[in-house]
Amino acid sequence: MQTKKVSASYPEPVVSLAFDTLQMNKQALVFVNTKRSAERTAEEIAKNIKDNEDLLKIALTAKTSLSNPTKQCERLSYCLRKGIAFHHAGLTQGQKTLVEDNFRNGTIKIICCTPTLAYGLDLPAFRVIIKDLKRFGRRGLAWIPVLDYLQQAGRAGRPKYDSHGEAIAIANTDSEKENIYEKYVKGEPEEIQSKLAVEPALRMYVLSLIATGMVSSRKEIYSFFDRTFWAHQYQDSDRLAEVIEKILLMLSEWEFLRADEEEEVFNATPIGRRVSELCIDPYTAYFIVECLRRAASKKIEVFSFLHMISSTLEMRPLVKAKTREIELLQQELAKYHELLLMDEPPMYDAEYDYFLDSFKTALMFREWVDENSEEYLLENFNVRPGELQVKIDMADWLMYAAQEMCTLLHFPYLKREISKARFRVKYGVKEELLPLLRLKHIGRVRARKMYSNRIKDLGDVKKADIIMLSQLLGRSIAASVKKQVGQESEKTLEGF
DNA sequence: GGACGGTGAAACTTCAGGTTGCCTC
DNA sequence: GAAGTTTCACCGTCC
């Protein structure tokens, strides 16, 4: 076997390998198993490098990605000044593309990243360094699938520029080295599993097949699934039938499907059709409908809906309740108890932990709609900007679905309330700012600025002095805002 | 005596990512 | 399972 030695100039092998790559004037991707580790490793490499003048601009872009930078932004910015970066789902969208683009054009030399970068994105590098081949899963720390290894190693070598690439897996002991060689280098990738077998996906499929009129009789449903990869893999058609029957039963009980008298032909109900169009798990839809029915006859606030959406499968992974917070959370829970739209599971019930997590997630959303910063949420809930954005998008979608359910259930009042809550979550603002958000180019930061300068609604915008508005928002945005309220006269532009 | 600070061992936490919907209070 | 963080007991110092 051909071997190659790299001098261990630094205590950590990854850092030595990184510098070896830099000396060759090549690029590397370093795969690690946690976000924290990606950040730490990048900093570890960066701290031995001098600032590069050419990189100050992108470092600044990364830092100013949010109106007030989080610690994460600062750390990324520090690394970028030295041509090093980290990349994971916690970055803002802008920061992610900034890192990707500047790696592609060669400005950034090394990215320390979580497995995200191995999938979907086309981001090859001369060298791939796989630091962690173990990852935390349900059963503690476990070896990653061979498929994941191949996916990561496959990033090595840029077809246009390099004649070859290097994929390096790091072993900590001799026996580990042996293991890695046997399992990954020589090993066979595992069989591909059909995603259809997951119940939520299956529920959505069955409902949408019927709702779109693709199938309607029980016979057609079976013959459709018989032709899928799932059935091919499953082989056991009795068990398959059992699963499909269970789903048909659930969908009927939830009133998304209606069967004829012989229970042979199924049709989607109006609400079932809408659920299928909205692409949400029917179970979630059923849960939302139940919550709304309760909400119709009790006191509700924004928090009621924040908690409702935080209790869905879609919102997972939830913000975790720490052990020492439990008492505090329970105190908060007592305050909010009457606003919740579902029953609290008994303490020590298996579901209780999950319930506390969903409650904490709802609290996180509450802080967000109370206009707390991304940094605040990172510090207090350990939710990074990128993860927050994913949660916001999901919340937006679920609340839209809830609005639609309200229409079908004839709950106009609830629909208005949810709509307000939805806007507040989308923009992260208190209710008082909602009128200003109708303006283009006005988000949470500018709206708050305007509001605290006594511009509280569109009428105030009309009345506002253009010069004062320009000082607040900048000239072009001030002009655009004025234009949006129908004031575009030459007069407003005077004095510039 | 007690407030304070430093130290280290023990206990406790946490740990990847995510398709693509809709329409505007 | 491992790295990072918090907690806590313990000890020495200073006032």
Side-chain angles (χ1 to χ4, degrees), chain A residues 12 31-41 44 86-91 96 112-121 130-145 148 151-152 172 176 195-196 198 200-201 204-205 208 274-281 284-285 302 305 313-317 319-326 357 381-384 386-387 389-391 393-407 412-427 429-440 447 457-458:
Chain A
E12 288 191 55
F31 285 104
V32 298
N33 63 5
T34 67
K35 295 195 262 285
R36 183 191 283 173
S37 170
E39 295 177 14
R40 217 209 77 231
T41 312
E44 206 60 39
F86 54 84
H87 188 291
H88 54 60
L91 301 189
K96 278 191 246 180
C112 300
C113 58
T114 53
T116 357
L117 273 195
Y119 292 90
L121 276 164
I130 304 170
K131 184 169 167 261
D132 301 309
L133 281 163
K134 285 181 180 171
R135 198 153 56 216
F136 185 84
R138 267 197 212 136
R139 273 167 261 133
L141 215 57
W143 293 99
I144 63 171
D148 284 17
Q151 193 64 238
Q152 294 179 14
N172 297 310
E176 210 176 277
K195 286 249 164 99
L196 198 54
V198 189
M204 287 165 71
Y205 267 106
S208 95
R274 197 72 190 108
V275 168
S276 140
E277 284 164 7
L278 289 166
C279 276
I280 55 173
D281 179 359
T284 297
V302 192
F305 302 117
L313 282 175
E314 279 89 342
M315 203 48 86
R316 290 184 185 188
V319 182
K320 282 235 191 72
K322 293 177 191 164
T323 327
R324 65 168 172 285
E325 288 173 340
I326 288 181
D357 290 351
F381 294 87
N382 197 25
V383 175
R384 294 171 167 82
E387 298 160 324
Q389 196 53 57
V390 171
K391 289 234 175 328
D393 289 347
M394 199 65 235
D396 187 57
W397 183 237
L398 287 171
M399 287 206 254
Y400 174 73
Q403 271 173 244
E404 293 297 290
M405 302 288 111
C406 284
T407 310
Y413 167 70
L414 286 182
K415 185 175 176 180
R416 270 199 308 279
E417 289 304 305
I418 294 176
S419 177
K420 263 197 282 188
R422 184 175 156 224
F423 262 73
R424 289 188 56 189
V425 170
K426 189 164 179 176
Y427 292 98
V429 293
K430 294 180 185 165
E431 189 166 349
E432 63 203 30
L433 293 190
L434 289 179
L436 293 174
L437 290 173
R438 295 168 70 174
L439 297 164
K440 269 187 198 159
D457 54 36
L458 298 190

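Lettering of chains follows the sequences in order, A, B, ..., and the numbering in each one begins at 1.
Rounded to an integer number of Å, the gap from A/L398 CG to B/dC23 P is 16 Å. Taking atom CE on A/M204 and atom P on B/dG21, their separation rounds to 11 Å, with Å as the unit. Rounded to whole Å, atom P of B/dC23 lies 17 Å from atom CD1 of A/I418. Atom-to-atom, NE2 of A/H88 to P of B/dG18 comes out at 12 Å; the value is rounded to the nearest Å. The separation between A/Q152 atom CD and B/dA16 atom P is 13 Å, rounded to whole Å. A/I144 has its CD1 atom 14 Å from the P atom of B/dG17, to the nearest Å. Rounded to an integer number of Å, the gap from CG of A/L278 to P of B/dC23 is 9 Å. Rounding to whole angstrom units, CD of residue A/Q389 and P of B/dG18 are separated by 13 Å.
When each of B/dT13, B/dA16, C/dA3 is scored by its nearest atom to the side-chain atoms of A/T114, the top-ranked nucleotide is B/dA16. Counting only heavy atoms from C-beta on, A/K322 has its side chain closest to B/dT13 among B/dT13, B/dG18, B/dC15. With distances taken from any side-chain atom of A/F423 to the nucleotides B/dT24, B/dG17, B/dG18, the minimum falls on B/dT24. Nearest to the side chain of A/T323, among B/dA16, B/dT14, B/dT13, sits B/dT13. Comparing B/dT13, B/dG18, B/dC22 by their closest approach to the side chain of A/W397 singles out B/dC22. For A/D396, counting side-chain heavy atoms from C-beta on, the closest listed nucleotide (B/dC22, B/dG21, B/dG17) is B/dC22.
A sub-4.0 Å separation between OP1 or OP2 of C/dA3 and a side-chain N or O of A/R36 is absent. The phosphate of C/dA3 has neither OP1 nor OP2 within less than 4.0 Å of any side-chain N or O from A/T34. Neither OP1 nor OP2 of C/dA2 sits under 4.0 Å from any side-chain N or O of A/N172. At B/dT24, none of the side-chain N or O atoms of A/S419 fall inside 4.0 Å of OP1 or OP2 (strictly under the cut-off). OP1 or OP2 of B/dG17 sits under 4.0 Å from a side-chain N or O of A/T116. Residue A/K35 has a polar side-chain atom (N or O) positioned under 4.0 Å from OP1 or OP2 of B/dA16.
Of the charged side-chain nitrogens involved, at least one lies within less than 4.0 Å of a carboxylate oxygen, so that A/E277 and A/R274 count as a salt-bridged pair.
As judged by a 4.0 angstrom heavy-atom cut-off over every strand, A/K420 is placed among residues making no nucleic acid contact. Looking at heavy-atom distances under 4.0 Å, A/S37 makes no contact with the nucleic acid at all.
B/dG18 and C/dG1 have their C1' atoms separated by 26 Å, with the value rounded to a whole Å.
The side-chain heavy atoms of A/P115 and A/R135, taken from C-beta on, include a pair separated by under 4.5 Å. The closest side-chain heavy-atom distance from A/F423 to A/V429 is not below 4.5 Å.
Between A/A321 and A/G90, the residue anchored nearer the 5' end of DNA chain B, judged by the nucleotide with its closest heavy atom, is A/A321. The 5' end of DNA chain C is approached more closely, in terms of each residue's nearest nucleotide, by A/F136 than by the other of A/R324 and A/F136.
With a cut-off of 3.5 Å on both pairing distances, B/dA16 has no Watson-Crick or G-U wobble partner at all.
Checked against ring-ring contact (aromatic ring centres under 6.0 Å, His included), A/H88 has the following partners two or more places apart in sequence or in another chain: A/F86.
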Between A/F136 and A/T34, does a side-chain contact (heavy atoms from CB on, under 4.5 Å) hold up when you go through it step by step? CA-CA 9 Å; A/F136 185 84; A/T34 67; over 6 Å; no

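No hydrogens or angles considered: a donor-acceptor pair under 3.5 Å links the side chains of A/D393 and A/Q389.
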